[in-house]
Amino acid sequence: MNEIRAIKLHNSLSGKKEVFQSLAPGRVGMYVCGPTVYSDVHLGNCRTFVSFDIIYRYLMHSGYKVRYVRNITDVGHLLDDGEDRMSKGARLSQLEPMEVAQKYTVGFHDIMRILNTLPPSIEPRATGHIPEQVEMVKAILDRGYAYEKNGSVYFDVIKFARENPSVYGQLSGRVIDELLAESRENLKHQDEKNHPADFAIWIKASEEHIMRWNSPWSVGFPGWHLECSAMSTKYLGKTFDIHGGGGDLKFPHHENEVAQNHGSCGCQPANYWLHANMLLLNGRKMSKSEGNTISPVELFSGDSPFISKGYSPMVVKFFMLMAHYRSTLDITDEALQAAEKGFRKLMETNKLLQATSIPARDFDGSESDTDRAILALIDDAYKGMDDDFNTAIALASLNEIGGYVNKLVNKQIAESDIAPWVLERMKTAFANFIYDIFGLQDESAGAADGTVEGLMRLVLDIRASAREQKDWTTSDKIRDALTEVGIQVKDGKEGVSWSKQ
RNA sequence: GGUUUCUUGGCCGAGCGGUUAGGCACAGCUCUGCAAAAGCUGCUACAGCGGUUCGAAUCCGCUAGAAACCUCCA
């Protein structure tokens with residue numbers, strides 16, 4: 001797959017599906033809002049990053065060179081009491097803020113690795129880009145879209161929205177009238193801001209605030225929305241191709257981000273905005289603050305009241321792939337069990353397929369109906385991905401192809417019904433989708449080293465002899481013992497095979 | 001209260017005007033010493049009420065229910 005494919009994607013900016021057109025031919029710049037590292041990542045984060053990992057992988061698979069930037073937020077989020085999240089975490093656990101950030105960054109990377117997502121091309125930290133953020137505040141001030149009050153700088157949303165009515169609110173669908181209406185309601189909470197809709201881009205640090213930097217306005221720290229504007233600009237340019245993130249970031253974060261970029265350079269930061277939908281638990285959004293949450297580790301271990309047992313990382317990933325990234329996905333124990341079975345079946349089918357060969361024969365130039373059906377299914381899988389990265393469609397197609405694989409292996413369809421080159425296409429397509437595009441891993445692969453293979457061959461040979469002599473007691477004893485250690489014995493027409501559960 | 005989105009068979013979940021999505025579960029059958037695995041078959045749904053259309057799960061309206069956002073959030 002080296003030629004560039006035509007890909008359609010849903011652009012939150014227009015609310016429509018559009019044909020993707022990169023700014024530079026064959027190259028894509030993509031920015032995705034990363035995690036705030038003040039506690040362990042939760043699953044919701046993971047779904048978003050898995051979704052964008054698939055998008056990243058598919059763009060590359062489709063022939064693009066992609067620069068994928070995903071930040072680490074290690075400063076800037078305000079709590080209700082105005083204390084920075086990072087410094088609060090530090091206070092509680094008696095650690096330096098950077099120690100907290102480091103600890104949870106490492107944990108985040110571990111989970112991302114376990115889920116077999118590719119690391120981004122660049123993973124910039126907010127604290128590593130204070131000068132860039134200060135520069136951006138200056139630029140916004142210069143262009144008159146911000147004002148200073150007591151050492152803090154605020155973005156003038158009302159002024160910006162009035163002068164750029166087609167820009168502010170485009171992403172979230174919010175309008176100025178609405179903002180003005182809200183203002184009366186919230187007026188009593190008014191602080192230094194001229195208007196409640198305004199937001200801080202530089203905040204003067206209180207005395208006990210640990211994270212602080214010099215700036216022309218005060219010793220302080222940058223506002224939350226600013227880091228993404230500054231870092232995307234630095235690494236991808238003022239205007240780049242794709243900006244992604246969780247759907248709950250649309251407002252205010254992304255809307256404000258657009259405003260900042262516009263406010264500093266007068267240009268649109270990203271041509272396409274992609275939003276991954278929420279992961280639900282019990283039909284509600286998973287939320288750290290509401291305790292309605294299950295962590296990746298708990299999900300893997302089964303140590304959670306919400307599930308009956310643990311589910312492996314690849315099962316969890318497969319579960320996410322069964323739904324489209326723009327749909328909400330509800331976690332239930334039953335759905336996870338279905339995913340577990342589905343995942344194992346797909347991987348088993350792949351193993352069978354890759355081990356299958358059919359005698360070479362002269363290609364007579366004709367395709368059988370089976371050939372055509374299989375080729376159409378492979379095409380469907382790609383078309384599904386081309387259509388806004390519809391992994392559910394791609395999986396459905398792979399499952400259908402899997403049916404043919406099993407039939408071929410079981411001799412329910414003749415070898416002569418499948419052209420050798422079609423079989424090769426099947427192998428390639430399966431491998432491409434499973435490993436390159438979905439980034440799935442065979443979790444039982446580790447067990448199949450030489451020693452285990454040898455032992456298994458010995459054990460199964462003994463069982464085969466017992467069966468020849470109709471010694472069912474011995475045969476079943478072996479089978480039951482293997483089942484107990486999680487190895488399934490499969491008696492097929494073409495002999496015995498086994499797999500680890 | 002405002003904004004937006006959603007409501008698909010036992011469960012999860014595709015679908016973007018005309019086709020069996022797919023997975024899981026369940027039942028029957030084939031294979032099998034038995035079982036498992038695998039295959040085949042069945043289960044054929046679109047919240048309700050109207051409307052548009054030759055034709056609607058898909059478009060429009062109303063009603064009911066749910067969720068997200070409006071405040072930190074992936």
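Chain A is the first sequence line, chain B the second, and so forth, proteins listed ahead of strands; every chain is numbered from 1. The structure displayed is predicted, hence computed values, not measured ones.
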Could you check how far [atom1] of [X] sits from [atom2] of [N], rounded to whole Å?
{"X": "A:E340", "N": "B:rC12", "atom1": "CD", "atom2": "P", "answer": "18 Å"}
{"X": "A:K317", "N": "B:rG23", "atom1": "NZ", "atom2": "P", "answer": "22 Å"}
{"X": "A:I413", "N": "B:rA38", "atom1": "CD1", "atom2": "P", "answer": "16 Å"}
{"X": "A:N277", "N": "B:rA68", "atom1": "CG", "atom2": "C1'", "answer": "8 Å"}
{"X": "A:L336", "N": "B:rG23", "atom1": "CG", "atom2": "P", "answer": "18 Å"}
{"X": "A:M278", "N": "B:rA66", "atom1": "CE", "atom2": "C1'", "answer": "16 Å"}
{"X": "A:I294", "N": "B:rA74", "atom1": "CD1", "atom2": "C1'", "answer": "17 Å"}
{"X": "A:I487", "N": "B:rA37", "atom1": "CD1", "atom2": "C1'", "answer": "15 Å"}

Can you name the residues that form a salt bridge (Lys or Arg N to Asp or Glu O under 4.0 Å) with [X], not counting sequence neighbours?
{"X": "A:K345", "result": "none"}
{"X": "A:E340", "result": "A:K309, A:R344"}
{"X": "A:K427", "result": "A:E424"}

Examine [X] together with [Y] and report whether their ring centres are nearer than 6.0 Å.
{"X": "A:F433", "Y": "A:Y382", "value": "yes"}
{"X": "A:Y311", "Y": "A:F300", "value": "no"}
{"X": "A:F155", "Y": "A:F160", "value": "yes"}
{"X": "A:Y272", "Y": "A:H243", "value": "no"}

Using the [atom1] atom as the reference point in each nucleotide, state the distance between [N] and [M] in Å, no decimals.
{"N": "B:rC24", "M": "B:rU5", "atom1": "P", "value": "34 Å"}
{"N": "B:rA38", "M": "B:rG48", "atom1": "C1'", "value": "43 Å"}
{"N": "B:rA35", "M": "B:rG22", "atom1": "P", "value": "28 Å"}
{"N": "B:rG13", "M": "B:rC46", "atom1": "C1'", "value": "13 Å"}
{"N": "B:rU30", "M": "B:rG18", "atom1": "P", "value": "40 Å"}
{"N": "B:rC54", "M": "B:rA64", "atom1": "P", "value": "32 Å"}
{"N": "B:rG9", "M": "B:rG2", "atom1": "C1'", "value": "36 Å"}
{"N": "B:rA45", "M": "B:rC11", "atom1": "P", "value": "14 Å"}

Can you check whether any acceptor in the base of [N] is under 3.5 Å from a donor in the side chain of [X], or vice versa?
{"X": "A:H42", "N": "B:rA74", "result": "yes"}
{"X": "A:N406", "N": "B:rA37", "result": "no"}
{"X": "A:D476", "N": "B:rG33", "result": "yes"}
{"X": "A:R479", "N": "B:rA36", "result": "no"}

Sort and list the pairs that fulfil salt bridge (charged side-chain N to carboxylate O under 4.0 Å, His left out) and have at least one residue in residues 112-121 of chain A, not counting sequence neighbours. A:D110-A:R113
Salt bridge (charged side-chain N to carboxylate O under 4.0 Å, His left out) between A:D476 and A:R479, intermediate numbers included: CA-CA 5 Å; A:D476 290 351; A:R479 188 175 67 195; 3.6 Å; yes
Contact class for [X] (heavy atom, under 4.0 Å): base, sugar-phosphate, or nothing?
{"X": "A:V32", "answer": "nothing"}
{"X": "A:A396", "answer": "base"}
{"X": "A:Q412", "answer": "sugar-phosphate"}
{"X": "A:K470", "answer": "nothing"}
{"X": "A:G44", "answer": "base"}

Among A:N390, A:T48, A:D388, find the residue that satisfies the side chain to side chain donor-acceptor pair (under 3.5 Å) test when tested with A:Y325. A:D388
Establish, from distance only, whether the side-chain atoms of A:S229 and A:Q260 form a donor-acceptor pair under 3.5 Å. yes
Apply side-chain contact (heavy atoms from CB on, under 4.5 Å) to [X] and list each qualifying residue two or more places apart in sequence or on a separate chain.
{"X": "A:E123", "result": "A:R70, A:I72, A:F108, A:H109, A:P120"}
{"X": "A:K8", "result": "A:V19, A:D387"}
{"X": "A:S121", "result": "A:Y56, A:R67, A:Y68"}

Tell me which residues in residues 110-126 of chain A put a heavy atom below 4.0 Å from RNA chain B, sorted by number, or none. none
N/O-N/O pairs, protein side and nucleotides 41-45 of chain B side, under 3.5 Å:
none

Closest approach of A:Q133 and A:A230, non-hydrogen atoms and distance? CG-CB, 3.6 Å
Between protein and nucleotides 13-20 of chain B, what N or O pairs are separated by less than 3.5 Å?
residue	atom	partner	partner atom	Å
B:rG13	OP1	A:D330	N	3.2
B:rG13	O2'	A:M322	O	3.3
B:rA14	OP1	A:H324	N	2.9
B:rA14	OP1	A:S327	OG	2.8
B:rA14	O3'	A:N390	ND2	3.0
B:rG15	OP1	A:N390	ND2	2.6
B:rC16	N4	A:K17	NZ	3.4

Hey, is A:F49 stacking on B:rA74? Ring centres under 5.5 Å, planes under 30°. no
Name all stems that contain residues of RNA chain B, defined as runs of 3 or more consecutive Watson-Crick or G-U wobble pairs, both distances under 3.5 Å. B:1-7 with B:64-70, B:10-12 with B:22-24, B:26-30 with B:38-42, B:47-51 with B:59-63
Please output the side-chain donor-acceptor pairs of residues 461-470 of chain A that fall under 3.5 Å, not counting sequence neighbours, one pair per line with the distance.
residue	atom	partner	partner atom	Å
A:R463	NE	A:S475	O	3.3
A:R463	NE	A:S475	OG	3.3
A:R463	NH1	A:D491	OD1	3.1
A:R463	NH2	A:D491	OD2	3.1
A:S465	OG	A:D461	O	2.8
A:R467	NH1	A:D491	OD1	3.2

Check whether any side-chain nitrogen or oxygen of A:K250 sits under 4.0 Å from OP1 or OP2 of B:rC70, and answer yes or no. no
Is A:K407 near enough to B:rC40 that one of its side-chain N or O atoms lies under 4.0 angstrom from OP1 or OP2? yes
